[in-house]
Visitor: 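My questions will all concern the structure given below.
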Amino acid sequence: MGTRFIGHIDSDCFYVSCERIRSYSLRGVPCGVLGNQGACVIAKSYELKSYGVKTGHPIWEAKKLCPHAVFVKRDFHWYEVISRQLLDLLKTVSPQVEYYSIDEMFFDASELQRYFQLPLYEATRALQTLVQEQVGVPVSIGIAPSRTLAKLGSDASKPFGVRVIEKECEPFLRSQPVGELCGVGSKSARKLHDRNIHTCWDFRKADRLMIRNLLTIKGEALWWELQGDAVNPIQTTRPPHKAIARGGSCGGKTTDPTRIRAWAVRNIERLIEALDHHRVYARHISLQIDANKTALWLGRTPLMVPSASFRMIYDAVIPMLDAAPTTHPVSHMHIIAENLTWRDKIQRSLFFEEAQSPLDQLKRNINQKLGRFAIRSAETLPLHEIYHDATHNYDICDVSGKMCF
Amino acid sequence: MCTGITIAWRDVPAKLIQKHQLEERIIQRSETAEKEILFMQRHRRPLLPVFYQGELRILPWGNRQRNINAPLAQWCDLATLESGAWSMYHPEPAEIQANFGLERGVWFQIREGIKAILIHDQHEQPHVYMLLQPASHYYQVMTGYEKEPLFLGEQI
């Protein structure tokens, strides 16, 4: 067996590329994809980026920066279709593929040369062409002895580039700021700068124990990875969730208690769907809301028994919500299920209600047959505009199996 | 109100471009983007590309002349149409062919087209009116306007 290589494939402006597959007229056009409420740019083409539009910009700012840009409504269902096509294609050329996020995948690249019967760089180019032809999205690919180096390589070669990195890669690492490393945030970067570590090469040459003291064991893993030693393996299946959350924007700020409660009930129903999907029950339920630009942690309620019952989770969430200050407008809300337990590994009780009532099961069966939210709580009625638009029914968090958001 | 649309240049037959002098309306959003033909409500001669009676035609967008027996408007509200207020003009269904639409400075994508009605005046000249409906929450946030066109096969 030859040297082991890990590949990182990263789609270039993925959401826009997906839209361009089904709409030829968007090709070459400065294009932005708008988020769930139609207010913010969540993805942009390179043409739009060149006008200074950034992810997260509100549309009223983006249209000033680029008045001829075209904005598209997001369609996560379509993006998942394309993402899974890419995943399936990668599985044909690699024995191990990690579904890292909707537009990024790690794969075992050791067999690439044999598959394409070409040297490594040319084989990687061939893979890039294959993806472009069969899936239709442009991708950048990094190949390296470790996943950190591979990701660094693909990020540095965007857009539509390919980079093969060997263990000895001093000039490349010298050109990469340490903040580009996946796992080094702004806080960690500041700590490293204080110790005169500015580039990835500085990081690699730094003392390992100093890095460990500074950035814990995760920082040390990065240090090994930068040496070219693959300590973070490719994970072909997602580890079990520690917590599952559902929530997000409340469609603008509101102080209306019926709308706030409606959002809470909608998020509870979405959370129960996710618990059903992952075959787990929750032991604790937490609620977090953003009021007046401040995240308020409203508490954590233990459930009497591990549960995915609407009634039990509702009874846990609503008192926490009622305790929230009512004067500040609420903009975001998250309901989090914690201390999860597999459904087939719980102690059943004679004294408490079942983890899911027959009504919960009936609701799930009907919704599976007739479509999401065909049956829903009447408390969600104030959100008629959300339920009226079927595209709200599918969100990025509904794309299952990926390692990160 | 949707005040402009564009259609891909390649989708319009050359004879129509020549006949209606559409060359002056050709735009390109970037060097690599394909050419589009711009149809604005504020143009001196407002026109629309319309699929009517089995072919693409370039027809006048609404009516601005008082001496013409057709509504003085560019748009028609679906509720007004359904109330029968326009029935005296014998409106016929038509489809506006468009790739992109413009609303309050925001260009948005149109997947299939926009529903419209076509009215013939006393001289048998056709006039096209874009149909409008109450905007969805999404469209309203995106454009800041409370009416959106009646799209074919979708609602933004």
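Worth saying up front: this structure is predicted, and the values here are computed from it rather than measured. The sequence lines fix the lettering, A, B, ..., with proteins before strands; numbering per chain opens at 1. In what follows, every heavy atom counts, from backbone to side chain, and hydrogens, waters and symmetry copies are set aside.
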Visitor: Within the supplied structure, the quantity of interest is the number of heavy atoms (other residues, nucleotides, ligands) at a distance under 6.0 Å from A/F160 CZ; does it exceed 12?
Guide: yes

Visitor: Give a yes or no answer on whether the side chain of A/S25 reaches the backbone of B/N99 with a donor-acceptor pair at less than 3.5 Å.
Guide: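 Not a single qualifying donor-acceptor pair exists.
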
Visitor: Looking only at heavy atoms and a cut-off of under 4.5 Å, which of B/Y139, B/F100, B/F108 has the most pairs with chain A?
Guide: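 When all of B/Y139, B/F100, B/F108 are compared, B/F100 has the most.
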
Visitor: State, to 0.1 Å, how close B/Q109 and A/S23 come at their nearest heavy-atom pair, and which atoms those are.
Guide: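 Smallest heavy-atom distance, with atoms named: NE2-OG, 2.6 Å.
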
Visitor: Is A/I59 close to chain B through its backbone or its side chain, or both, or neither, when contacts mean heavy atoms under 4.5 Å?
Guide: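 Just the side chain, heavy atoms under 4.5 Å.
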
Visitor: Just checking B/E23: does its CD atom have more than 12 heavy atoms from other residues, nucleotides or ligands closer to it than 6.0 angstrom?
Guide: yes

Visitor: More than 12 heavy atoms of other residues, nucleotides or ligands under 6.0 Å from NZ of A/K158: is that the case?
Guide: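 More than 12 heavy atoms, drawn from other residues, nucleotides or ligands, come within 6.0 Å of this atom.
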
Visitor: Are A/V29 and B/E34 close enough, and set up right, to give a side chain to side chain contact (heavy atoms under 4.5 Å, CB included), and what steps lead you there?
Guide: CA-CA 8 Å; A/V29 168; B/E34 64 175 352; over 6 Å; no

Visitor: State the CH2-CE distance between A/W60 and B/M142, to the nearest 0.5 angstrom.
Guide: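 Reported value, rounded in 0.5 Å steps: 12.5 Å.
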
Visitor: With a cut-off of under 6.0 Å to the ring centre and 45° to the axis, is A/K73 in cation-pi contact with B/Y138?
Guide: yes

Visitor: Rounded to the nearest 0.5 Å, what's the gap from OG on B/S136 to CD on A/E385? Could you check?
Guide: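 One finds 9.5 Å between OG of B/S136 and CD of A/E385.
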
Visitor: State whether the number of non-hydrogen atoms from other residues, nucleotides or ligands found under 6.0 Å of B/H43 atom NE2 is greater than 12.
Guide: yes

Visitor: At their closest point, which heavy atom of B/R29 faces which heavy atom of A/P30, and how far apart are they?
Guide: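 Looking at all heavy atoms of both residues, the closest pair is CB-CD, 3.9 Å.
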
Visitor: Which residue out of B/V141, B/T6, B/T143, B/T32 racks up the most heavy-atom pairs below 4.5 Å with chain A?
Guide: B/V141

Visitor: So, do A/H384 and B/H137 sit near enough that their side-chain heavy atoms are less than 4.5 Å apart?
Guide: no

Visitor: Mind checking which of residues 35-44 of chain A sit less than 4.5 Å from chain B, heavy atom to heavy atom?
Guide: A/G35, A/N36, A/Q37, A/G38, A/A39

Visitor: Taking atom OH of A/Y46 and atom OG of B/S30, what is their separation to the nearest 0.5 Å?
Guide: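 Rounded to the nearest 0.5 Å, the OH-OG separation comes out at 15.5 Å.
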
Visitor: Chain B heavy atoms under 4.5 Å from A/H68: which part of the residue, side chain, backbone, both or neither?
Guide: both

Visitor: Take a 6.0 Å sphere around CD of B/E31 and say whether it holds more than 12 heavy atoms from other residues, nucleotides or ligands.
Guide: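 Counting neighbours around CD of B/E31, 12 or fewer heavy atoms of other residues, nucleotides or ligands fall under 6.0 Å, so no.
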
Visitor: With a 4.5 angstrom heavy-atom cut-off, is it the side chain or the backbone of A/R74 that approaches chain B, or both, or neither?
Guide: both

Visitor: If you draw a 6.0 Å radius around CH2 in A/W78, do more than 12 non-hydrogen atoms from other residues or ligands fall strictly inside?
Guide: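 Result for CH2/A/W78: enclosed.
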
